[in-house]
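Residue numbers run from 1 in the order of the sequence given. Keep in mind the model is a prediction, meaning the values are calculated, not measured.
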Amino acid sequence: MEPITIVYVVGTLGMLVGIPPALSLVGDEVGIDFDYLWAIPGIAALMYLLMAFDIGSVQFQGYHVPIPRYIDWALTTPLLVGYTAYVAGASRSATVGIALADFLMIAFGAGAVATGPPTQWVFYGLSSLCHIGILVGLYGPVRRSALNEPPSHRRLARLLLNYIGFLWLAYPLVWVFGPGLQWVDAAGIAVIITYLDVTAKVPFVYFIYRARKNFVQVQEAVPDDDLSETGASESGPAVAVTAT
Ligand code: RET
């Protein structure tokens with residue numbers, strides 16, 4: 001088995017870890033809808049499996065590029081930023097706008113990887129502008145709307161926001177030394193990206209899973225008060241509503 005195959009198998013297994021906690025939130029009456037959270041590790045697991053079998057990879061400028069990686073990013077990174085904005089209580093338009101900017105970032109990134117210099121750097125610049133737009137959106141309107149949320153929501157929103165804000169900075173950097181300048185070969189890049197992808201997705205799902213009880217109390221019971229520290233978390237939404 002080639003080393004790169006092992007890397008992608010490990011990536012697949014890593015993503016699988018995120019699926020059960022996300023699935024457990026489907027249909028939960030938690031006042032906030034996490035029904036599609038499973039798609040983040042789910043789509044990634046599938047795409048990593050394809051990469052493990054080297055399905056859908058192409059050579060661009062003599063560089064090995066797995067197309068499933070870009071399909072994964074195009075579908076799941078809008079979900080990551082979209083859910084972050086949603087948890088922060090951002091408006092629908094802000095949430096959709098930031099998810100759209102994210103999709104464009106990946107689309108331009110695909111353009112960058114498919115072309116050679118100098119065009120690739122134009123696409124790289126456009127993609128980076130979208131990335132900056134996402135960061136401005138997250139640290140501007142999204143963070144501001146989180147301030148109006150109950151403390152437990154606000155804490156989770158801030159965690160997700162900073163997690164995305166910092167971790168994602170690695171991607172454009174890695175790209176420069178990989179497909180961009182080709183100083184690091186595709187196998188080396190595969191290791192780094194797999195590590196980053198699993199780190200970007202699985203803990204993200206877990207942070208939400210870990211905070212799930214807060215949503216029941218805050219949404220259903222006392223909207224303006226933080227009861228997350230009272231420990232009355234086992235009652236569930238129906239009881240909480242009757243108690244109101
Ligand atoms: C590219 C290259 C062009 C410039 C920029 C990029 C940014 C990519 C990002 C990807 C994030 C991926 C994640 C995957 C999770 O599994 C396309 C690399 C700005 C930010 C979080």
Can you see whether Phe207 has Arg210 sitting over its ring - NZ or CZ less than 6.0 Å from the centre and within 45° of the normal?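 Judged by the rule, Arg210 and Phe207 form no cation-pi pair.
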For residues 159-175, please give each side-chain donor-acceptor pair under 3.5 Å, one per line with the distance, not counting sequence neighbours.
unit_1, atom_1, unit_2, atom_2, d
Asn162, OD1, Tyr139, OH, 2.8
Asn162, ND2, Arg158, O, 3.3
Tyr163, OH, Thr199, O, 2.6
Tyr171, OH, Leu196, O, 3.4
Tyr171, OH, Asp197, N, 3.2
Tyr171, OH, Asp197, OD1, 2.6

Before you tell me yes or no, could you show the steps for Ile43 and Lys201 under side-chain contact (heavy atoms from CB on, under 4.5 Å), namely the whole-Å CA-CA distance, both residues' side-chain angles and the distance that decides it to 0.1 Å? CA-CA 11 Å; Ile43 292 172; Lys201 288 192 168 90; over 6 Å; no
I need the full list of salt bridge (Lys or Arg N to Asp or Glu O under 4.0 Å) pairs touching residues 35-50, with sequence neighbours left out, sorted by first then second residue.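 For residues 35-50: none.
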Could you give me the CA-CA distance, side-chain angles and deciding distance for Leu147 and Arg154, then say whether side-chain contact (heavy atoms from CB on, under 4.5 Å) is met? CA-CA 6 Å; Leu147 294 178; Arg154 198 191 309 157; 4.3 Å; yes
Report yes or no: do Phe204 and Val26 belong to one cluster of Ile/Leu/Val/Met/Phe/Trp/Tyr joined by side chain heavy-atom distances under 4.5 Å?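 Yes; tracing contacts between hydrophobic side chains, which count when under 4.5 Å, links both residues.
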What pair of heavy atoms forms the shortest contact from [X] to [Y], and how long is it?
| X | Y | result |
| --- | --- | --- |
| Leu156 | Ala211 | CD2-CB, 3.9 Å |
| Ile106 | Ala74 | CG2-N, 3.6 Å |
| Ser145 | Ala90 | OG-CA, 3.5 Å |
| Ala200 | Leu80 | O-CD2, 4.1 Å |
| Val205 | Pro41 | CG2-CD, 3.9 Å |

Which residues pass the side-chain contact (heavy atoms from CB on, under 4.5 Å) test with Leu79, sequence neighbours left out?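 Expected list: Ala39, Ile40, Tyr83.
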Only pairs at least two apart or in different chains count here, so list each ring-ring contact (aromatic ring centres under 6.0 Å, His included) that has a residue in residues 37-69.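 For residues 37-69, and leaving out neighbouring residues, the ring-ring contact (aromatic ring centres under 6.0 Å, His included) pairs sorted by first residue read Tyr8-Tyr48.
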Contact between His153 and Asn148 at the side-chain level, heavy atoms closer than 4.5 Å - yes or no?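 No, too far: nothing below the 4.5 Å cut-off.
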Take the angle between the ring planes of Trp183 and Phe177 and call it parallel below 30°, perpendicular above 60°, tilted in between.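 Correct class here is tilted.
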For residues 118-130, which residue pairs qualify under side-chain hydrogen bond (donor to acceptor under 3.5 Å, both in side chains), counting only residues two or more places apart or in two chains?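 For residues 118-130: none.
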Below 3.5 Å, can you tabulate the donor-acceptor pairs from side chains in residues 93-100 to any protein atom, sequence neighbours excluded?
unit_1, atom_1, unit_2, atom_2, d
Ser93, OG, Ser91, OG, 3.3
Thr95, OG1, Ser91, O, 2.8

